[in-house]
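Take a look at the structure below.
Just so it is clear, the model here is predicted, and its values are computed rather than measured. Heavy-atom basis, side chains included; hydrogens, waters and symmetry copies ignored. Here is the naming used below: chain letters follow the sequence lines, and residue numbers restart at 1 for every chain.
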Amino acid sequence: MEAASVAPASGALLIDDPDRGVFRVHRSAMTSAAIFEQEQRRIFDRVWIYLGHESEVPAAGDFRTRTMAGRPLILCRGADDEIRVFINSCPHRGAELCREIAGNKKSFQCLYHAWTFSNTGKLLGVPGEDAFGAAFRREDFNLALVPRMTNYRGFVFICFDPHAVDLEAYLGDARAYLDYVADQCEDGMEVVRGTQLYSARANWKLLVENTIDFYHTVPLHKTYFKYLEDMGADISGGVDGRGYDLGGGHAVVEFEAGWGRPVARWEPKWGEAERIRLAALRDRQVARLGADRAHKVCDVDRNLMLFPNLLINDIMAVVIRQVNPIAPDYMEITQWALAPVGEPDLARARRLESFHSFLGPGGFATPDDIEAFEGCQRGFNAFREIAWSDYSRGYDGEVGRPEAEMQSSFEPQIRAFYRRWAGLMGIAAERHG
Amino acid sequence: MADDAATAIDTRAIEAFLYREAELLDAWRLDDWLELFLPDATYEVPATDAPDGRPGIDLFIIADDMQVLRGRVTRLNSVHAYAESPHSRTRHFVSNVQAAAGEDGLIAVKANFLITRIRKGETDTFIGRYDHTLKPDGQTFRYHRRRAILDHDALRPHGRVTIIL
């Protein structure tokens with residue numbers, strides 16, 4: 001029923017043919033209201049979704065409100081130092097309980113009938129409680145928690161399916177890549193103050209694929225690479241990477257680019273003092289993690305995609321990028337900068353400078369990505385005439401291909417995303433359109 | 001002494017400066033616009049949830065020193081800056097201009113802005129306030145710090161800041 005109800009006349013939404021090395025997704029998947037709704041129910045209601053970082057609520061009573069999968073939520077560290085995620089709706093009659101974006105509260109009081117809740121979620125006060133009768137029990141009206149929540153090394157994930165597998169099982173092999181990010185600092189990582197909150201007039205899946213697409217990097221971001229060149233960087237090596245399907249819909253593209261990594265690959269522009277500091281930092285990493293792991297953490301860039309909507313780019317800065325589907329042709333995007341706790345001021349300033357010029361809505365690259373896929377979204381209105389978008393790069397000859405022959409513009413990482421998407425959506429892969 | 005400094009500030013002249021700047025920006029005369037900056041000036045657009053952002057410490061939308069700002073203008077002058085190629089049509093409205101003596105001979109300028117960006121059938125409106133510091137330069141002024149603080153909770157539906165605010 002599911003595939004037929006959302007598929008176009010031909011019936012196929014996904015072409016996955018290993019014999020010909022062809023992988024295509026039907027463009028109506030980006031425009032259909034029925035598919036959008038089905039994504040909400042079959043994906044966003046079922047899988048683990050990133051909500052925030054523990055460093056966003058560092059002190060007891062700290063809270064942040066945000067909407068995820070359509071639900072208004074409160075991320076709160078209680079007086080008992082436990083992090084919880086509440087539904088931001090008064091259990092009495094549903095009013096928005098916490099009306100501020102961020103702050104610190106010992107308790108939450110509903111504006112409507114003045115019910116009061118502790119920051120651990122317990123109902124503390126009900127004016128005129130007697131009138132509710134003998135059957136009224138306060139514990140029935142504590143704040144509702146999201147069904148599942150796990151804080152993995154500071155990354156707080158939630159899930160609306162009470163029966164979902166544990167987060168670690170969900171992440172599978174992708175967990176190791178999250179660990180490389182978390183391992184950058186023995187004292188932990190923290191979200192920098194200031195969030196980039198933006199949007200794009202396009203389907204959310206286009207941002208996910210764009211972030212792990214290395215075929216577009218050089219042509220689309222010509223002006224960014226020219227800027228780097230004008231600044232004296234050596235970009236002759238290009239961006240040479242490899243994409244890997246990590247299973248479960250997750251994927252990563254690993255590469256080693258010419259730019260410096262704040263932890264811990266030096267570039268000449270940073271000067272001698274920084275070279276010495278980074279060398280000492282690297283030595284500590286090797287002592288703590290071992291040489292192989294330290295190499296992964298310090299030298300290797302990665303764009304990590306955690307299905308369905310979390311991208312962590314660990315490059316010349318560390319960006320946590322999340323996309324929220326709002327409509328088939330509109331998404332909201334949030335970006336945070338993640339950085340080592342205790343990072344020296346000058347290194348932090350350099351990290352932010354790298355972040356600002358490349359990443360984000362005011363940078364020299366992201367706006368052109370948005371321009372590109374907003375143009376795609378407009379083009380998709382002609383899906384009856386041009387039906388398919390192609391993700392076949394590197395598919396032909398993929399099995400058994402030696403690493404040395406894998407090119408950064410290949411697309412196994414994008415195919416990983418769409419295979420998982422199709423699986424959860426109940427969409428069968430066809431050999432032909 | 002403070003009064004002497006206050007009377008020395010010609011708010012009309014600062015308004016004229018801001019209007020001329022708006023005209024340069026709407027005409028996309030960005031090389032001429034760059035001339036309005038001191039060599040060590042900054043151009044800042046704080047994050048919408050941290051409007052009091054501290055450069056080098058907090059995340060911004062834009063936090064350019066002159067090297068980056070020149071890079072920004074070079075990029076915007078290129079046909080390969082696809083987000084602004086062809087250029088959006090912009091209209092900068094500046095009002096509520098107030099100026100007062102700042103530190104070190106600089107002038108603190110506050111104003112309101114409303115800027116429209118029209119592109120591909122969409123009109124996005126940016127609303128906020130300016131918090132600049134200017135240095136007198138002969139009959140005119142040059143930017144020491146040019147800061148545009150947005151009122152919006154988020155760049156939604158704007159999506160980007162590719163025009164100069």
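- Heavy-atom pairs under 4.5 Å with chain B were tallied for A:Arg378, A:Arg350, A:His356; the largest tally goes to A:His356.
- Within the 4.5 angstrom heavy-atom criterion, only side-chain atoms of A:Tyr227, from C-beta onward, approach chain B.
- Comparing A:Ile101, A:Leu220, A:Thr366 by heavy-atom pairs within less than 4.5 Å of chain B, the highest count is held by A:Leu220.
- Across all non-hydrogen atoms, the minimal contact from B:Ile115 to B:Tyr130 is CD1-OH, 3.9 Å.
- Highest contact tally toward chain A, considering only B:Asp64, B:Leu59, B:Val68, is held by B:Leu59 [criterion: heavy-atom pairs under 4.5 Å].
- Considering all non-hydrogen atoms of both residues, A:Ile74 and A:Phe63 come closest at CG2-CB, 4.0 Å.
- With a threshold of 4.5 angstrom between heavy atoms, A:Met231 approaches chain B through side-chain atoms but not through N, CA, C or O.
- Aromatic ring centroids of A:Phe44 and A:Trp204 lie under 6.0 Å apart.
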Show, in sequence, the C-alpha distance, side-chain angles and deciding distance for B:Leu155 and A:Leu197, and conclude whether the side chain to side chain contact (heavy atoms under 4.5 Å, CB included) test is met.
CA-CA 6 Å; B:Leu155 291 171; A:Leu197 302 159; over 6 Å; no
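- Residue B:Gln67 touches chain A through both its backbone and its side chain, counting heavy-atom pairs closer than 4.5 Å.
- Heavy-atom distances place the backbone of B:His158, and not its side chain, under 4.5 Å from chain A.
- The most heavy-atom pairs under 4.5 Å with chain A, out of B:Gly71, B:Gly56, B:Ser78, B:Ala47, come from B:Gly56.
- When each of B:Ser85, B:Ala50, B:Pro46 is checked for heavy-atom pairs under 4.5 Å with chain A, B:Ala50 comes out on top.
- Between chain B and the options A:Arg351, A:Gln335, A:Glu332, A:Glu374, heavy-atom pairs under 4.5 Å are most frequent for A:Glu332.
- The shortest non-hydrogen separation linking A:Arg77 to A:Glu54 is NH2-O, 3.6 Å.
- Of the two parts of B:Thr48, the backbone and the side chain both hold a non-hydrogen atom closer than 4.5 Å to a non-hydrogen atom of chain A.
- Contacts of B:Ile57 with chain A are made by backbone atoms alone, with heavy-atom separations under 4.5 Å and no side-chain atom involved.
- Ring centroid separation for the pair A:Tyr50 and A:Trp336 comes in under the 6.0 Å cut-off.
- Residues A:Leu352 and A:Ala337 share a closest heavy-atom pair of CD2-CB, 4.4 Å.
- When heavy atoms are compared at a cutoff of 4.5 Å, B:Val45 does not approach chain A at all.
- If you tally non-hydrogen atom pairs under 4.5 Å between each of B:His152, B:Arg54, B:Arg119 and chain A, the highest count goes to B:Arg119.
- For chain A, no part of B:Asn77 is nearby; none of its heavy atoms comes within less than 4.5 Å.
- Atom CG of residue A:Asn88 and atom CZ of residue A:Arg71 lie 14.0 Å apart, to the nearest 0.5 angstrom.
- Between chain B and the residues A:Ala349, A:Gly362, A:Gly363, the most heavy-atom pairs under 4.5 angstrom are made by A:Gly362.
- Heavy-atom pairs under 4.5 Å with chain A were tallied for B:Arg156, B:Arg72, B:Glu84; the largest tally goes to B:Arg156.
- For A:Tyr224 and A:Phe358, the ring centers sit closer than 6.0 Å to each other.
- For B:Tyr143 and B:His132, the ring centers are positioned less than 6.0 Å apart.
- Ionic pairing of B:Arg117 and B:Glu122 is not present here: no N-O contact between side-chain nitrogen and carboxylate oxygen is shorter than 4.0 angstrom.
- Taking 4.0 Å as the cut-off between side-chain N and carboxylate O, B:Arg20 and B:Asp32 do not count as a salt-bridged pair.
- Neither the backbone nor the side chain of B:Arg70 comes within less than 4.5 Å of any heavy atom of chain A.
- Annotation: maximal heavy-atom pairing with chain B below 4.5 Å, among A:Ile333, A:Leu359, A:Asp345, A:Ile326, occurs at A:Ile333.
- In terms of heavy-atom pairs under 4.5 angstrom with chain B, the leader among A:Lys222, A:Arg348, A:His221 is A:Lys222.
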